[in-house]
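Each remark here refers to the structure printed beneath this line.
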Amino acid sequence: MQTNQGQNRRERNSEEVIVVGGSAAGLYAAAKVAQGGKRVRVLESMRSLEPVPRTLIVTDHFRNQLGASAHESVLNEIRRFELFTDGRSAQVALTKPDLIIERAKLIPALAREARQSGAEMSFDTRFLGLSPNANGIQVQVDSSGRQEELHAKSVVGADGAASRVARTAGWAPLVQAIVRLPKDCPVDTTRVWFVPDDTPYFYWLIPESPERGALGVIGEDGRDTARCLERFLEKRGIEPLEWQGARIPVYKRWVPVKRRLGKGNVYLVGDAAAQVKVSTVGGIVTGFRGAQAVAESILRSGRGRELLALRRELSTHWLLRRTMHHFQQKDYSRLVDLLNAATRETLSEITRDESTRLLWNVLRRQPQLVLLGLRGLLLGWNSERR
Ligand SMILES: Cc1cc2nc3c(=O)[nH]c(=O)nc-3n(C[C@H](O)[C@H](O)[C@H](O)COP(=O)(O)OP(=O)(O)OC[C@H]3O[C@@H](n4cnc5c(N)ncnc54)[C@H](O)[C@@H]3O)c2cc1C
């Protein structure tokens, strides 16, 4: 009898959606999935809901995404940008003001919304790993010092930039250490090592100053990759100064957000999937968009349009970043000079969260910016080849 009850409970639980990480992207996803009628449980490693304060700037899209619960986290509204460079300046007035929000107020509002939608929250519960089982996915957690096993049909990894869900479910991990720059390494040179025994990818060393550089590797298994990096540093006598765990993920390419695992699915949202606009490092609005898309996929609603739009958005920001990454003073001066009345009008009307539309409109109204952009891309391309 007990075995039957246990089995029934397991079967019921296997329909559950487990969200790992109770912060912005995770709580947003939890509310959306719960509103669609699924059982949702959020696992959060922190002991209670005490988010670290962080002042953030977001576009007006934030209000559309959150509705009424957005209000309580808004501290201020920004109506104008002033750009300065080399004695020049330009102003851009915003038709729809940007919002200054406080993370320590946003997270509790999102948690309340998730709970009211029916999601259950488990604090002091650290995700350890996952594996496929007969019905879906078995999830190992440390719950207040006790190891437990949970079962779910879908797992959503919303556990931030150093996502353990991404690593254990097989997404390629990226490990990076800040190191003392070796004496024989010129500050203007990036080094790449191919060591196929360690990784099918490569190691890289990017000097950030004459003293320091970032040495990283992409691997196939999280723990092994970290060990490989340690060995690599030791063998070459390179001294690690700090390990980069809690970092802002740098969007370099689209991270697929879904993986099939046995009979279940694992998804990634927010920083865990590098859903950050790399030109501005804004991750709140894009993380919500990623969470919305994943919720639609779990509930089998929508047509995947949100995901396509997000991918286009992140890629445009990546292109912008690449274009401006090697800008010199004269390029910035030219940029500010080229911001004529027509381009300023576009910048004031279209937000950074509609970057493709923004970019095309700006270029249409000020074609000389195309040449400046091409110059930026060429500078980047040449410096990468050097
Ligand atoms: C200094 C700074 C300034 C920023 N400024 C802006 C800005 O102005 N505008 C903007 O839009 N964005 C900004 N960002 C980016 C933005 O804050 C992030 O993109 C966003 O907060 C990411 O949310 P997330 O929910 O994906 O991840 P996180 O907020 O990192 O949440 C991850 C959650 O998972 C939990 N967790 C981790 N591991 C486990 C585990 N094993 N088990 C259970 N739980 C786990 C963590 O405790 C945490 O609660 C800034 C970031 C930084 C660092």
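Worth saying up front: this structure is predicted, and the values here are computed from it rather than measured. For ligands, and for the atoms within them, numbers begin at 1 and follow the listed sequence. In this chain, numbering begins with 1 at the start of the sequence shown.
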### Task
Answer yes or no on whether Lys32 is positioned over the face of Tyr28, meaning its NZ or CZ is under 6.0 Å from the six-membered ring centre and within 45° of the axis.
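Yes, Lys32 lies over the aromatic ring of Tyr28.
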
Is a side-chain donor or acceptor of [X] paired with a backbone partner of [Y] at a separation under 3.5 angstrom?
| X | Y | result |
| --- | --- | --- |
| His61 | Glu354 | no |
| Ser297 | Ala295 | no |
| Arg126 | Asp142 | no |

Proximal ligand 1 atoms for [X], defined as those under 4.0 Å from one of its heavy atoms:
| X | result |
| --- | --- |
| Arg126 | 41 (N), 42 (N) |
| Gly160 | 27 (O), 30 (O), 32 (C) |
| Gly270 | 26 (O) |
| Arg103 | 29 (O) |
| Val20 | 42 (N), 43 (C) |
| Met46 | 47 (O) |
| Ile57 | 7 (C), 8 (O), 9 (N), 10 (C), 11 (O) |

### Query
Between Thr356 and Arg312, is any side-chain donor less than 3.5 angstrom from a side-chain acceptor?
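No.
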
### Query
Cut-off 3.5 Å, side chains only: do His151 and Asn135 have a donor facing an acceptor?
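Asn135 and His151 do not have a side-chain donor-acceptor pair below 3.5 Å.
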
### Query
Quick one: does ligand 1 sit under 4.0 Å from the side chain of Ala158, the backbone, both or neither, non-hydrogen atoms only?
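It is the backbone that touches ligand 1; the side chain stays farther off.
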
### Message
Under 4.0 Å, heavy-atom basis, I'd like to know which part of Leu43 is in contact with ligand 1: side chain, backbone, both or neither.
### Response
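It is the backbone that touches ligand 1; the side chain stays farther off.
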
### Query
Name the one of Val141, Leu130, Val155, Ile137 that satisfies side-chain contact (heavy atoms from CB on, under 4.5 Å) with Leu150?
Val141

Please say whether [X] places an N or O atom under 3.5 Å from an N or O atom belonging to ligand 1.
| X | answer |
| --- | --- |
| Ile284 | yes |
| Gly283 | yes |
| Ala272 | no |
| Arg164 | no |
| Val269 | no |
| Ala25 | yes |
| Ala161 | no |

### Summary
What one should report as the nearest heavy-atom pair of Glu44 and Met46 is OE2-CG, 2.8 Å

### Query
Where do Leu338 and Gln366 come nearest, in terms of heavy atoms and distance?
O-NE2, 3.2 Å

### Message
Between ligand 1 and Thr125, can you find any atom pair, the residue atom being a heavy atom, that is separated by under 4.0 Å?
### Response
yes

#### Entry: Option of least heavy-atom distance to atom 52 (C) of ligand 1 (set: Gln275, Lys277, Arg54)
Arg54

### Task
For Ala24, check side chain to side chain contact (heavy atoms under 4.5 Å, CB included) against everything at least two apart and list the hits.
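Checked Ala24 against side chain to side chain contact (heavy atoms under 4.5 Å, CB included); matches are Ile107, Leu110, Ile284, Phe288.
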
## Note on the structure
Ala93 meets the side chain to side chain contact (heavy atoms under 4.5 Å, CB included) criterion, sequence neighbours left out, with none

